[in-house]
Amino acid sequence: METPYFVIDQNKLADNLQELQEALAATFAKSIIGYSFKTNSVPWILDFMKCAGCYAEVVSDDEYQLAQKCGYAPDKIIYNGPAKSEATFADALAQGAIINLETHRELRWLEKYAMTGTKVGLRIQIDVETFCPGETAMGELGGRFGFQLAELPEILQQLQRLGVKLAGLHVHTSSRTRSLKVYQVLARESVAIIQQYQLNLDYLDIGGGFFGGDRAIPSFFDYMTVIRQQLQQLVNFTDLTLIVEPGASLIATPVSYVTSVIDVKRTPRQIYVTTDGTRLHLDHLFVKTSYQYQIRGQSAEDVVPQQIIAGFTCIENDHLFILKNAPLLKENQQIIYEKVGSYTMCFNPLFIKYFPAVYVKNDEGMKLVRRRWTVEDYVRGAK
Ligand SMILES: Cc1ncc(COP(=O)(O)O)c(C=O)c1O
């Protein structure tokens with residue numbers, strides 16, 4: 001098989017999803033899993049999630065259309081984020097998708113498109129940083145998503161005037177720690193808002209951002225227990241649906257990236273091992289600090305103190321990792337990066353070479369689910 005390529009381990013993916021489903025079934029009477037498309041939207045994965053009963057969590061007009069193209073029923077789409085188009089917003093409203101409002105223009109669109117029986121959700125910003133200092137993605141700068149609590153009375157009045165029901169709150173907050181405390185705070189503050197404004201909601205959407213896979217700690221059950229402990233204070237707790245939007249916690253651990261050594265060079269200062277992979281395929285923002293990897297194939301060469309494992313691109317610092325005190329690698333040896341399924345294969349620039357192939361490994365063997373992109377794919381639409 002020609003490297004580089006990604007491999008999705010279907011059994012591991014199924015195990016991760018089952019663990020989440022069991023955790024939800026043990027803690028909530030009603031729940032929905034909305035798979036976060038942005039985390040990895042390879043169509044095979046979207047189909048797998050759909051067949052397993054997940055909803056689609058989408059954050060742009062393109063992702064909304066992708067969900068439809070992949071056969072998600074309109075009422076099994078959760079439409080979030082600021083990148084909705086007016087046309088897809090109107091379509092989602094008419095077709096009964098779960099829409100969480102994020103921007104002021106959506107409030108204006110509602111004036112045009114609301115009908116009797118229209119329901120919407122609202123993304124509200126909860127200031128998690130105050131309660132969990134240093135844990136949120138943006139720290140002191142604060143997040144930029146969701147309406148401010150101070151805007152809620154006016155929005156509630158508008159919805160009432162239009163005869164639109166506020167069906168849910170959406171409170172996803174990206175954190176660096178993925179800690180239980182973050183979810184405890186999100187649930188606790190949601191309860192306070194619901195009680196203060198006497199909201200009669202169908203759902204609370206707590207978002208994604210969990211750890212998961214490979215017996216992660218906290219476990220899905222730990223997260224759901226913490227959330228439940230807060231939400232059960234609500235009078236309509238048993239009627240409330242908990243929506244979760246997992247991405248990384250389901251898809252990170254089942255995916256590997258297989259590369260081969262194409263050259264070994266001794267320079268006056270270093271030994272560089274060039275591979276046919278690239279950091280751009282795993283970490284195009286160049287922020288990751290380490291990878292879990294395996295080296296396949298024996299090298300009979302002497303042990304050397306340090307080898308820099310690099311990618312094929314012309315970016316000088318396309319370095320993946322430094323291999324210390326190991327036999328000198330040789331051409332065609334494989335380096336396999338593990339647990340690389342989130343924000344990788346659908347978060348690549350089309351730089352120098354196009355998207356690598358994706359395979360699924362299951363009990364029947366290996367199946368190609370995305371062929372390597374060629375120049376034909378690249379120029380399509382450009383003529
Ligand atoms: C609104 C929303 N939902 C879900 C997710 C998925 O998060 P993760 O892939 O960390 O589970 C994100 C990621 O940023 C998000 O912004």
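Values reported hereafter were calculated over all heavy atoms of this structure, with side chains retained and with hydrogens, waters and symmetry mates removed. Both ligands and their constituent atoms are indexed starting at 1 by order of listing.
- When Ala137, Ala248, Ser36 are checked for heavy-atom proximity to atom 9 (O) of ligand 1, Ala248 turns out nearest.
- Side-chain N or O atoms of Lys367 include none that pairs as donor or acceptor with a backbone N or O of Lys361 at under 3.5 Å.
- Under a 4.0 Å N-O distance rule, the pair Glu86/Arg105 does not qualify as a salt bridge.
- Atom 3 (N) of ligand 1 has as its closest protein heavy atom Glu245 OE1, 2.7 Å.
- Under the 3.5 Å distance criterion, with hydrogens and angles disregarded, no donor-acceptor pair is assigned to the side chains of Thr259 and Asp276.
- An N or O contact shorter than 3.5 Å links Arg178 to ligand 1 by distance.
- Those atoms of ligand 1 that come under 4.0 Å of a heavy atom in Arg123, given as number and element, are 1 (C).
- When hydrogens are left out, the protein atom nearest atom 5 (C) of ligand 1 is Lys38 NZ, 3.5 Å; that is the closest non-hydrogen contact.
- The shortest N or O to N or O distance between Gly247 and ligand 1 is below 3.5 Å.
- When non-hydrogen atoms are compared, ligand 1 lies under 4.0 Å from the side chain of Ser174 (C-beta onward) but not from its backbone.
- Contact analysis puts Gly209 in contact with ligand 1, with a non-hydrogen atom separation below 4.0 angstrom.
- Between Arg371 and Asp377, at least one side-chain N (NZ, or NE/NH1/NH2) sits under 4.0 Å from a carboxylate O, which counts as a salt bridge.
- A cation-pi arrangement is present between Arg188 and Phe131 under the rule of less than 6.0 angstrom and at most 45 degrees off the ring axis.
- Because its NZ or CZ atom is not both nearer than 6.0 Å to the ring centre of Phe210 and within 45° of the ring axis, Arg178 does not count as a cation-pi partner of that residue.
- Against a heavy-atom cut-off of under 4.0 Å, Glu57 is close to the following atoms of ligand 1: 1 (C), 3 (N), 4 (C).
- Screening Tyr354, Phe355, Tyr378 for a ring pair (Phe, Tyr, Trp, His ring centres under 6.0 Å) with Trp373, the sole residue that qualifies is Phe355.
- The closest approach between Tyr343 and ligand 1 falls below 4.0 Å for a heavy atom of the residue.
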